[in-house]
Amino acid sequence: MDRRIYEHPLRTFRRGAPLTVEFDGERYRAFAGEPAAVALFASGVDVLSRSIKYHRPRALFCLSGHCGACLVRIDGMPNERACRTPCSDGQVLKGQNAFPASEFDLLSAVDWLYPRGLDHHTMMTGSRTVNAVMQKVVRQLSGLGHLPTPAGGPGALPEVTGRDVDVVIIGAGPAGLAAARAAAATGARTLCLDEQDRAGGSLLADPRHGEADADARALRATDAGAELVSHATALAWCPEDDGGLLAVATPGGLWRVTARRYVYATGGYETNALFENNDRPGVFAARAVGRLVVRWGVRPGARVAVVGAGAYPDALAVELAACGIPLLRVGRDGSERVVAAHGSPVLTALDIDSPRGRRREPCDAVAVWELPSPASEAPRQHGASVTLVEQKGGFAVDIDDDGRTTAPSVFACGDVTGYLGPDAAARAGERAGNAAAHEALGRP
Amino acid sequence: MAFDTAPRPVLEPRDAPLPARADLVIIGGGVIGLAVAYNLARRGHSDIVVLEKGYLASGASGRNGGGVRQQWATEINIRLMRESVELCRSFAHDLGINVWFRQGGYLFLARTPGETARLTKNLALQNRCGVPTRMLSPAEAQVIVPELDVTGIHAACFNPSDGILFPWPFLWGYAQGAIKYGARVFTFATVTGLEPDDGGRKGYSVVTSRGTIHARRVLNAAGAWSPELARLIGVELPNRPVRHEICSSEPLKPFLGPMVSLLATGLYVSQSMRGEIVGGVTLPREASTLDMGSSLKFLATYSRQLCRLMPALADLKILRQWAGPYDVTSDGNPILGEPPGRPNFYLACGFVGHGFMMAPVIGKLYAEWLAGGDRHEIFDRCRLDRFDAPGGVEPLAREDFIIG
Amino acid sequence: MSKVIVCRCEDVTLADVEHAVALGYCDLEEVKRYTGFGTGPCQGKECLRVIALALARATGVPPESIAPFTTRPPLVPTPLRLFARDPSADDSDDDRDGDGQPDAEELA
């Protein structure tokens with residue numbers, strides 16, 4: 001099977017050199033640059049692993065490195081995010097927590113035996129003997145993945161680098177890139193860190209923007225003097241004895257970043273809707289489907305349901321139609337609701353409630369649009385207050401008009417302050433970057 | 001084996017008023033307080049109210065590594081912990097909740113002849129008390145934990161009957177057990193005042209954020225917060241909170257049997273029933289604080305030492321780090337019983353980071369005493385006045401086998 | 001009736017959350033500990049919002065009164081090796097109290 005799109009009316013997909021990867025003993029075709037999760041899905045692999053308790057099938061969901069659904073063993077390293085790991089020729093991937101294989105796992109019997117769930121707190125406490133046996137079995141079944149066995153053994157420990165700037169911006173999506181451009185334009189030494197393989201954030205998942213727009217905005221930021229660094233993941237705000245620092249993971253080792261002002265433009269996480277079997281492979285976050293079709297040129301399925309109301313799912317539906325993919329639009333006006341997914345191990349149909357009653361629609365992929373949940377962990381750690389607001393998508397950082405949070409020296413902008421969408425996020429980023437830089441330079 | 005749908009004991013709702021009075025008010029819903037509540041209620045003394053200022057497991061009881069060991073330097077601790085281990089073994093059955101107690105042993109590693117001598121001396125005492133600890137060569141230690149790099153390791157000692165458990169369900173088990181027998185547990189109830197009635201002879205009025213309750217007797221089981229609480233009635237306690245950090249990894253399939261600990265640095269590491277590698281290390285010169293923030297310094301120290309001791313774990317991924325307060329006394333022993341001049345005010349604090357594993361036996365012994373039964377010798381030996389009256393009381397052997 | 005998954009890392013279902021609330025574990029920190037949600041590889045990135053709102057509905061409290069559970073570093077799973085050479089690491093293994101004498105000898 002090959003789900004890649006080779007002919008598209010509007011887009012061309014530049015793929016790298018063809019190569020071969022191995023998953024659970026089978027070889028698959030891939031292209032340099034594709035994340036392993038994308039390459040495997042494009043080649044017809046639907047199930048990557050099994051879940052920790054009920055051995056339910058697991059596959060990519062968010063395609064942005066956040067949800068933990070696509071963890072596999074890659075070249076001897078357990079629990080690697082297949083959506084964040086670029087594929088390489090001869091790469092060996094293995095599903096985890098499955099016997100004998102991810103697609104068909106005998107241990108998923110526990111999911112069937114306990115359809116309403118298994119209370120692990122109270123199970124088998126009635127008899128000492130049974131309890132002792134149960135604990136031995138649970139111990140053997142526990143964990144995901146085996147000890148790391150990197151080729152060539154554990155290598156040298158990486159160095160640690162100190163970086164000091166006026167303004168550091170965490171996240172290079174629409175808000176972060178605008179903040180970086182605005183901050184650098186004032187003359188402030190500006191560093192913009194992004195965890196993905198390239199700048200753009202949600203723009204890369206958005207049919208209305210895409211790679212060309214992301215690149216143009218990144219160029220405007222660097223032209224203004226900002227330093228953009230990809231593959232740089234903020235790990236923690238560390239309030240150490242000497243005033244604190246931002247710990248950042250980079251491929252070359254740990255960075256200790258200090259700045260006069262910190263601007264969090266961390267965006268939002270993909271989240272799922274609540275319906276029965278909402279974790280079936282084939283149920284994707286809408287923006288994961290956007291990444292598949294806009295960035296990677298991969299069809300999510302043969303018939304795709306786009307679920308949810310808003311400008312983003314509308315734009316996604318237009319894009320899917322342009323790709324010639326048969327489409328089902330659900331819940332555009334809020335009158336319909338998905339109540340259950342069917343199929344095992346992968347999705348085959350959805351049950352949908354509407355004022356006319358319940359109906360079953362066949363489909364093999366669903367793009368679920370829920371408001372992205374503000375990625376507010378880092379600013380929270382840094383002392384900024386947040387408020388849970390359903391209409392903002394979750395725990396949104398509290399800010400003033402210029403993006404100042406309740407913590408000194410800490411700014412936030414974009415979807416981390418409540419979902420805005422790319423255009424409003426860019427405007428907020430510009431204001432926050434400008435204000436942060438002025439404060440950093442001690443200007444009024 | 002679906003969810004048990006029968007009515008189950010529940011915590012008091014957030015808006016439930018406190019009762020006007022109770023025979024015993026236990027301040028601190030940690031494992032010590034809840035263990036005493038459960039054991040007393042089970043004996044029929046159920047007029048008990050437990051007050052917890054946060055949620056259950058918010059303090060040290062919910063933040064520790066779950067170690068349960070019988071390798072100690074003093075006979076009384078060895079004997080008490082032998083009984084605690086037995087209580088841990090039967091906890092799931094007795095309380096109806098799994099605590100995932102697994103006896104994979106404790107492996108202590110010594111790097112110098114001095115450390116080895118210390119282990120050997122303790123081992124002789126442990127063997128006399130019936131604990132099957134044995135000395136191992138570095139090569140023998142490596143048989144038990146193949147991932148160890150034993151370069152620089154002088155000797156090891158191992159007791160296969162030590163183990164680890166999962167702390168949180170221990171608290172829920174004791175709380176639900178106590179409630180089943182008639183005790184009441186109030187969370188998010190902060191004590192702001194204590195007013196002795198006739199010097200405490202007629203009890204105490206306990207003022208809380210959820211109202212006031214009159215207690216005939218009060219038990220201070222507030223752990224690291226116990227000095228603040230005792231100060232409300234003018235009692236100065238010598239124990240001090242010391243922050244200890246800890247972290248947990250990605251869950252891996254089982255490979256590590258025992259808890260491994262390096263004596264020189266206080267590094268310890270074990271594998272939970274969920275497969276996570278849970279461990280910590282002593283940071284020297286930690287300030288006395290109730291702050292429970294995390295530090296890069298801890299993660300860096302732990303990583304450097306673990307990468308050296310078990311190089312195969314260099315690529316192990318850390319999922320999260322957190323901290324909890326050790327409740328430290330100068331001689332490593334707890335503070336129990338009534339302080340002088342404050343009748344009906346009982347102390348159960350100063351457990352120096354091992355209160356969790358002591359709780360099953362301390363809860364049982366304290367309940368026996370408070371129910372009018374036997375008074376175990378530990379309540380005389382661990383009195384508060386041992387700190388200010390040397391010679392007045394029999395000196396207490398220092399417990400120096402403190403890890404983490 | 002099949003499972004509605006709210007935390008896919010730990011296989012926590014909507015029924016698990018409702019069960020915890022029924023037992024009296026109504027604080028987000030308590031629900032996290034009782035159900036295990038947010039303790040897996042994603043550390044709550046996908047599930048925190050969903051469960052916080054489910055908790056608001058189940059307990060009838062307004063969402064804005066619900067605080068998130070404490071964020072634990074690191075924000076993504078990170079190998080030990082990355083931290084091992086950080087200059088803040090305390091490396092004085094043999095003399096942790098800094099008095100020039102190896103601690104092990106003193107304790108012995």
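Just the heavy atoms: all of them, side chains too, but no hydrogens, waters or symmetry mates, feed the values below. The chains referred to below are lettered A, B, ... by the order of the sequence lines, with proteins before strands, and numbering in each begins at 1.
Taking CZ of C/Phe69 as the start and OH of B/Tyr55 as the end, the distance is 10.5 Å to the nearest 0.5 Å. Atom CG of B/Leu319 and atom CG of C/Leu75 lie 12.0 Å apart (nearest 0.5 Å). Separation of atoms SG (B/Cys307) and CZ (C/Arg81) is listed at 7.0 Å; rounding is to 0.5 Å. The distance from the OG1 atom of C/Thr59 to the CZ atom of B/Arg14 is 8.5 Å, given to the nearest 0.5 Å.
Of the residues considered (C/Gly36, C/Pro77, C/Ser88, C/Pro73), C/Pro73 shows the highest number of contacts with chain B, using heavy-atom pairs under 4.5 Å. When B/Glu276, B/Arg274, B/Glu12 are compared by the number of non-hydrogen pairs under 4.5 Å with chain C, B/Arg274 comes out ahead. Chosen from C/Pro41, C/Pro79, C/Gly40, C/Gly24, the residue pairing most often with chain B at heavy-atom distances under 4.5 Å is C/Pro79.
Qualifying ring-ring contact (aromatic ring centres under 6.0 Å, His included) partners for B/Phe166, counting only residues two or more places apart in sequence or in other chains: B/Trp168.
The minimum heavy-atom distance linking B/Trp172 with C/Arg33 is given by the pair CH2-O, 3.0 Å.
With a 4.5 angstrom heavy-atom cutoff, B/Glu250 does not touch chain C via any of its atoms. With a threshold of 4.5 angstrom between heavy atoms, B/Leu296 approaches chain C through its backbone and through its side chain. For B/Tyr302, the part lying under 4.5 angstrom from a heavy atom of chain C is the side chain only.
At least one side-chain heavy atom of B/Leu56 sits under 4.5 Å from a side-chain heavy atom of C/Tyr25. No side-chain heavy atom of C/Asp90 sits under 4.5 Å from any side-chain heavy atom of B/Arg304. Counting heavy atoms from C-beta outward, B/Asp315 and C/Leu80 have side chains that stay 4.5 Å or more apart. Two residues are said to be in side-chain contact when any heavy atoms from C-beta on lie closer than 4.5 Å; B/Ile318 and C/Pro74 meet this criterion. In this structure, the side chains of C/Thr70 and B/Trp322 stay at 4.5 Å or more apart for every pair of heavy atoms.
At a threshold of 4.0 Å, the pair C/Asp86-B/Lys297 does not count as salt-bridged, since none of the basic side-chain nitrogens sits closer than that to a carboxylate oxygen.
Remark: side-chain polar atoms of B/Arg320 are paired, donor with acceptor, to backbone N or O of C/Thr39 under 3.5 angstrom.
Each salt bridge (charged side-chain N to carboxylate O under 4.0 Å, His left out) pair with one or both residues in residues 52-74 of chain C, not counting sequence neighbours, would appear here, but there are none.
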